[in-house]
A.B. asks: 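One structure is given below, represented as structure tokens, and several questions about it will come after.
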Amino acid sequence: MQITDIRIRVVQKESKMKAVVSVTFDDCFVVHDIKVIEGEKGLFIAMPSKKTPDGEYRDIAHPINGDMRKILMDAILDSYKEEFAKVPDAEGETETTIE
């Protein structure tokens with residue numbers, strides 16, 4: 001299975017959620033609402049989830065193993081960094097670095 005498209009929507013407001021992402025696999029299956037989150041140890045992805053009746057959140061789509069999670073996270077974060085570099089900051093300048 002190959003990632004064939006990644007669409008990044010950068011979140012402009014100040015929050016831990018930095019972007020919402022849609023990923024297409026093999027030009028025939030898409031997963032929407034993957035989130036890019038700023039955590040204490042840096043950026044990570046959160047898969048789409050829903051709240052259960054008992055108040056817990058459960059992923060509704062997710063990688064089955066660590067290797068696929070790493071491939072997905074690396075691809076999304078690389079795309080996010082490219083997109084983020086294009087977004088003007090508050091003074092109208094373009095941010096060029098992200099860590």
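Model, not experiment: these values are computed from the prediction.
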A.B. asks: Return the set of residues passing side-chain contact (heavy atoms from CB on, under 4.5 Å) with E14 (not counting sequence neighbours), or none when no residue passes.
C.D. replies: K18
A.B. asks: Hey, what do you get for CD1 (I8) to CG (L77), rounding to the nearest 0.5 Å?
C.D. replies: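 Rounded to the nearest 0.5 Å, the CD1-CG separation comes out at 8.5 Å.
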A.B. asks: With side chain to side chain contact (heavy atoms under 4.5 Å, CB included) as the test, would you mind laying out the steps for H32 and V23 before giving the verdict?
C.D. replies: CA-CA 7 Å; H32 296 290; V23 178; over 6 Å; no
A.B. asks: Are any of the side-chain heavy atoms of V21 and E83 separated by less than 4.5 Å?
C.D. replies: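 Not in contact.
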A.B. asks: I need the minimum non-hydrogen distance between V10 and A19, along with the two atoms involved.
C.D. replies: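 Heavy-atom minimum between the residues: CA-CB, 4.0 Å.
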A.B. asks: In chain order, what residues pass the side-chain contact (heavy atoms from CB on, under 4.5 Å) check against D74, with sequence neighbours excluded?
C.D. replies: K70
A.B. asks: Indicate whether the side chain of D27 and that of T4 have a donor and an acceptor atom separated by less than 3.5 Å.
C.D. replies: yes
A.B. asks: So that I can tick it off, tell me whether D5 and R7 are bridged by a salt bridge, with the cut-off set at under 4.0 angstrom between side-chain N and carboxylate O.
C.D. replies: yes
A.B. asks: Give, for atom OG1 of T52 and atom CG of D54, the distance between the pair rounded to the nearest 0.5 Å.
C.D. replies: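 These two atoms lie 3.5 Å from each other.
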A.B. asks: Is there a side-chain contact between M73 and P63, using heavy atoms and a 4.5 Å cut-off?
C.D. replies: no
A.B. asks: Who pairs with D26 by side-chain contact (heavy atoms from CB on, under 4.5 Å), at least two apart in sequence or on another chain?
C.D. replies: M1, Q2, C28
A.B. asks: Can you tell me which residue among D59, V20, I60 is in a side-chain contact (heavy atoms from CB on, under 4.5 Å) with P48?
C.D. replies: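 Exactly one option meets the side-chain contact (heavy atoms from CB on, under 4.5 Å) with P48, and it is I60.
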A.B. asks: Contact between Y80 and L43 at the side-chain level, heavy atoms closer than 4.5 Å - yes or no?
C.D. replies: yes
A.B. asks: So if you build clusters from Ile, Leu, Val, Met, Phe, Trp, Tyr with side-chain heavy-atom gaps below 4.5 Å, do I6 and M68 land together?
C.D. replies: yes
A.B. asks: Is there a side chain to side chain contact (heavy atoms under 4.5 Å, CB included) between I34 and I76? Walk through the geometry before answering.
C.D. replies: CA-CA 9 Å; I34 300 171; I76 289 171; 3.9 Å; yes
A.B. asks: To check you understand the geometry: which heavy-atom pair defines the closest contact between M47 and H62, and what is its length?
C.D. replies: CE-CA, 3.9 Å
A.B. asks: Say you draw a straight line from NZ of K16 to CZ of F44; how long is it, rounded to the nearest 0.5 Å?
C.D. replies: 8.5 Å
A.B. asks: Supply the atom-to-atom distance T24 OG1 to I3 CD1, rounded to the nearest 0.5 angstrom.
C.D. replies: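 Result: 10.0 Å between the selected atoms.
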A.B. asks: Is it the case that one hydrophobic cluster holds both F25 and V30, taking links as side-chain heavy atoms less than 4.5 Å apart, direct or via other members?
C.D. replies: no
